[in-house]
There are 2 protein chains.
Amino acid sequence: MTTPATRTSPRKRTSNGLTAQIGADEIGLDALIGHAGYAVRRFQIWIFQDFIRTLGEVDIRPTQYSVLTVIGANPGLSQMAVAKRLGIERARLVHLLDSLEQRKLVKRIKSKSDRRSHALHLTAQGETALAKFKRLAAEHERHVEDKIGKANRERLLQILAGFT
Amino acid sequence: MTTPATRTSPRKRTSNGLTAQIGADEIGLDALIGHAGYAVRRFQIWIFQDFIRTLGEVDIRPTQYSVLTVIGANPGLSQMAVAKRLGIERARLVHLLDSLEQRKLVKRIKSKSDRRSHALHLTAQGETALAKFKRLAAEHERHVEDKIGKANRERLLQILAGFT
DNA sequence: CGCAATTGTTGTCGTCAACAACAATCTTCC
DNA sequence: GGAAGATTGTTGTTGACGACAACAATTGCG
């Protein structure tokens, strides 16, 4: 937990001779505390690890989940549209869909109105699978609540609503 | 950042129009909204990009900045201690320090008390450089304030304080 | 002393963002 | 109607990053 945030300057003389070995929990972060990016990075690592662990039994990672969710809610989207909406490179989405298609969760249907693009749909298997994924994702979300508190999670979502 | 330049393809329905092409901003996220992880991921991408851009003139990335800050505040630390404190693999820290040492910002001093380890220090050049980095980082932090609001940034730091 | 643990290092593997190039196809404009 | 330009999906490369495994040198402990 390492909460002694009030520590200021734990430096011990080391300039030439003996090296002062300090425990990791005694090291001052100084300017790092107060940087939103640092806190957000650490939190994002934690939250992704919990997501990956909670959905480990179904082998679904956060990005895969977001793709499935968007396709499920908007059948027929093109790869370009999905990529743009989720902030994923379309080059990257190709591999993601290759994987999901091999697992029979998604299918690419050649669009007749624009033969360059594919209309993305969930398979029947994908629909039922996504339902299970959503239950597990909800469980993960409860872990977040346990970690930072229900009210804080709500506030967090509210603060960051503009980025979704 | 959900690039503002992606204002493309305002077309919505092709002439024969079987497949409905929708603009990216009209796509429903459904279950994705309400997931803390998704919002945090998008926010983290935005904040890192702004950090990288704001400190682009000095070519310092977030991880490099965190390493320099910790060493600056705690001279003489071993690589192990820095890695543990920042949640970086010690294997990864090797390359980070190689780069920073080549740029004459950091020096590894062989510890006499434990000849396995190195005591990490900023060079004189590193000290003055870090001062400049901190000014630019503060500017970046103001961008965050502009984006989500001063009060929200404070609240965010408070909520995520346990992860630093 | 001898053996386990630690430290820095090297290497591999997989994820992810950012680009670049390309063929097929569509749109636009002359 | 047709050439020129843009878009879509695809392949490939690069670099940052996290996770692991193995290794030599060194330390610490039984």
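Below, read A as the first sequence line, B as the second, and so on, with proteins coming before strands; counting in each chain starts at 1. Just so we're clear, the structure is a prediction, and the values are computed from it rather than from any experiment.
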Participant: Closest approach of B/Ala129 and B/Leu105, non-hydrogen atoms and distance?
Facilitator: CB-CD2, 3.8 Å

Participant: Residues two or more places apart in sequence or in another chain: which of them pass ring-ring contact (aromatic ring centres under 6.0 Å, His included) with A/Phe51?
Facilitator: A/Tyr65, A/His140

Participant: Just compare C/dA17, C/dG8, D/dG18 and give me whichever is closest to any side-chain atom of B/Arg92.
Facilitator: D/dG18

Participant: For residues A/Ser99 and A/Gln64, report the shortest heavy-atom separation together with the two atoms involved.
Facilitator: OG-NE2, 3.7 Å

Participant: Would you tell me if any nitrogen or oxygen in the side chain of B/Thr63 comes within less than 4.0 Å of OP1 or OP2 on D/dC17?
Facilitator: yes

Participant: Whole-Å distance between C/dT12 C1' and B/Glu89 CD?
Facilitator: 13 Å

Participant: Roughly how many Å is it from NZ in B/Lys84 to C1' in C/dG8, rounded to a whole number?
Facilitator: 14 Å

Participant: So if I take every side-chain heavy atom of A/Arg108 and compare against C/dA17, C/dT9, D/dT10, which nucleotide ends up nearest?
Facilitator: D/dT10

Participant: Suppose we screen for side-chain contact (heavy atoms from CB on, under 4.5 Å). Which residues come up paired with B/Arg92, at least two apart in sequence or across chains?
Facilitator: B/Ile88, B/Glu89, B/Leu96

Participant: Starting from P on C/dT9, measure out to CG on B/Leu96 and report it in whole angstrom.
Facilitator: 12 Å

Participant: Given atom CZ of B/Phe48 and atom P of D/dC17, what is their separation to the nearest angstrom?
Facilitator: 8 Å

Participant: For a side chain to side chain donor-acceptor pair (under 3.5 Å) with B/Asp114, tell me which candidate from B/His118, B/Arg116, B/Lys112 qualifies.
Facilitator: B/Arg116

Participant: Nearest-Å distance, CD1 (A/Ile109) to C1' (D/dT8)?
Facilitator: 17 Å

Participant: Just the rounded figure in Å: distance from P of D/dA16 to CZ of A/Arg41.
Facilitator: 15 Å

Participant: I want to verify a distance call: between D/dG9, C/dT9, C/dA18, whose nearest atom is closest to the B/Gln79 side chain?
Facilitator: C/dT9

Participant: If a protein heavy atom is under 4.0 Å from the base, mark B; if only from the sugar-phosphate, S; if neither, -; do that for nucleotides 21-30 of chain D going 5' to 3'.
Facilitator: -B--BBS---

Participant: Heavy atoms only, 4.0 Å cut-off, all strands: where does B/Gln64 land among base, sugar-phosphate and nothing?
Facilitator: nothing

Participant: Determine, stepwise, if the pair A/Leu120 / A/Arg108 fulfils side chain to side chain contact (heavy atoms under 4.5 Å, CB included).
Facilitator: CA-CA 5 Å; A/Leu120 302 175; A/Arg108 286 186 250 221; 3.6 Å; yes

Participant: Between C/dC26 atom C1' and A/Lys110 atom NZ, what is the distance in whole Å?
Facilitator: 15 Å

Participant: At under 4.0 Å, does any side-chain N or O of B/Gln49 touch on OP1 or OP2 of C/dA17?
Facilitator: no

Participant: Tell me the interatomic distance from A/His118, atom NE2, to C/dA24, atom P, rounded to whole angstroms.
Facilitator: 14 Å

Participant: Evaluate A/Lys132 against A/Glu57 for side chain to side chain contact (heavy atoms under 4.5 Å, CB included), listing each step before the verdict.
Facilitator: CA-CA 11 Å; A/Lys132 176 166 191 178; A/Glu57 54 179 288; 4.1 Å; yes

Participant: So which one's nearest nucleotide on DNA chain D is more toward 5', A/Asp98 or A/Ile45?
Facilitator: A/Asp98

